[in-house]
**Q** 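Okay, handing you the structure first.
Read the numbers this way: they start at 1 and go in the same order the structure lists the ligands and their atoms.
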Amino acid sequence: MLLTPGPTPVPEFVRKAMADVTIHHRTEEFEAIFKNTRELLLETFNMPEVVMLASSGTGAMEACVTNLTHKKALTINSGKFGERFGKICAAFKIDYTEIKNEWNTPVSVEAVVDAVKNDESIDAIFIQICESAGGLRHPVEQIAAEVKKINKNITIVADGITAIGVEKIDTTHLDAVITGSQKALMLPPGLAMIGLSNDAVAKIESHAKGYYFNLATEIKKQRTNTTAWTAATTLIIGLGAILEKIKEDGFDNLYAKTALRAKATQEALKAIGMEIYPKTPAKAMTTIYTEQSSAIRKILKNKFNVNIAGGQDHLAGKIFRINHMGLVEDFEASWAVNAIELALDELGVRAFDGTANKIFAQTMFKGE
Ligand SMILES: *Cc1c(COP(=O)(O)O)cnc(C)c1O
């Protein structure tokens, strides 16, 4: 059972949709498929423009940094993915400043407002919606609204790789929202997507940059239902299939189920004495702080066939993360909390009495 916060399992109907013969990307047949996927994506992002790139999510992060910073970037670092925005700036010798916090701590709206007020050269802000390193939710929408009051020309770029397909995002004040294929969208890795505002498109077109990741070139091509370079045809077919299914079931139903599953998992684990790591937990995953992280994960994998993620860098061996993104079955999430309670029993931490499963079921199905 794969319950890591990316990659997530690919549903059978998506695997089947991607199993057909490879078609040429410069054909009317593929353009029709591209158009359908593109329209579904525009709806998913709820933004006026979108581009798909053949790359992992980091490629889209790089494309946004290079195409949307014309003067200086402000990057928000509360974890490995926020740190990455700064590393991209450094790699391209783009001027940047960073607000750094511990991995359980979201950036405050005031800290961003102060940074912007104190440095007029900042023209773009890069932030995660959910910082997956510690599973925290940043107050992105509030930050964007406040920053736009100060200067509406500051571009807000939100990494929504573990937020798009997880919860409804208010994109009113966002200029670019990034996502990738292998998290909430339940596809194999290799496709990145960026939703764009009209202001972001104008900024990109005013000063086209780069070659492979030149977003001006891509926007122009993708508006005609093709791509600048060879399209990731198989993944675009798969993306169309998954978005059609999510739309049919209702986006709001997916968001509501994910939120409830996250809540039920967190209540269940709290009830058996586990500590939620982030101060503002995101809905994409549950992150638990425990010195027993490695031992718990080992028992889960070897004895109960549950794969969950650990932590990186200074949090290696100190946290574990359970995925809630995608079409996770209720019985999978319920089995995961059960297995954790059994692991705690085996480690002599807490005697098993079925509390985790009970609280999970009560929260998930009884609305308690
Ligand atoms: C997974 C992830 C990424 C991108 O990682 P890739 O491995 O390049 O796809 C970026 N940001 C967040 C928040 C993520 O969870």
**Q** Of all the atoms in ligand 1, which lie at a distance below 4.0 Å from a heavy atom belonging to Met61?
**A**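 Under 4.0 Å from Met61, ligand 1 has these atoms: 10 (C).
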
**Q** Going by the salt bridge (charged side-chain N to carboxylate O under 4.0 Å, His left out) test, name the single residue among Lys203, Lys71, Lys72 that passes it with Asp123.
**A** Lys203

**Q** Could you list which atoms of ligand 1 come closer than 4.0 Å to a heavy atom of Thr162?
**A** 13 (C), 15 (O)

**Q** Can you list the steps and then say if Thr265 with Thr286 is a side chain to side chain donor-acceptor pair (under 3.5 Å)?
**A** CA-CA 7 Å; Thr265 302; Thr286 291; 4.9 Å; no

**Q** If you look at every heavy atom in Gly160 and Ile129, which pair is closest and at what distance?
**A**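 Residues Gly160 and Ile129, closest heavy atoms: CA-CD1, 3.9 Å.
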
**Q** Quick one: look up the protein heavy atom nearest atom 11 (N) of ligand 1 and list residue, atom name and how far away it is.
**A**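 Sorting protein heavy atoms by distance from atom 11 (N) of ligand 1 puts Asp159 OD2, 2.6 Å first.
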
**Q** Please confirm whether Tyr211 and Trp229 have ring centers closer than 6.0 angstrom.
**A** yes

**Q** Closest non-hydrogen protein atom to atom 6 (P) of ligand 1, residue and atom name please, with distance?
**A** Ser56 OG, 3.4 Å

**Q** Consider only side-chain N and O atoms of Glu120 and Asn151, and report whether a donor and an acceptor are under 3.5 Å apart.
**A**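 There is no such pair between these side chains.
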
**Q** Using a heavy-atom cut-off of under 4.0 Å, does the side chain or the backbone of Arg84 touch ligand 1, or both, or neither?
**A**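 It is the side chain that gets close, since no backbone atom is under 4.0 Å.
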
**Q** What's the shortest distance from atom 10 (C) of ligand 1 to any protein heavy atom, and which residue and atom give it?
**A**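 Ranking protein heavy atoms by distance from atom 10 (C) of ligand 1, first comes Ile161 CD1, 3.1 Å.
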
**Q** Using a 4.0 Å cutoff against the non-hydrogen atoms of Ser132, which atoms of ligand 1 qualify?
**A**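 With Ser132 as reference, the close atoms of ligand 1 come out as 12 (C), 13 (C), 14 (C), 15 (O).
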
**Q** What orientation do His70 and His207 show, parallel under 30°, tilted 30 to 60°, or perpendicular over 60°?
**A**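 Rings of His70 and His207: tilted, as their planes differ by 30° to 60°.
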
**Q** Within ligand 1, which atoms have a heavy atom of Cys130 less than 4.0 Å away?
**A** 13 (C)

**Q** Considering non-hydrogen atoms of the protein only, which is the closest contact for atom 14 (C) of ligand 1, and what is the distance?
**A**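 Nearest protein contact, heavy atoms only, for atom 14 (C) of ligand 1 is Lys183 NZ, 3.0 Å.
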
**Q** Using the test salt bridge (Lys or Arg N to Asp or Glu O under 4.0 Å), find all partners of Glu43 that sit at least two apart in sequence or belong to another chain.
**A**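 Salt bridge (Lys or Arg N to Asp or Glu O under 4.0 Å) check on Glu43 returns Lys247.
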
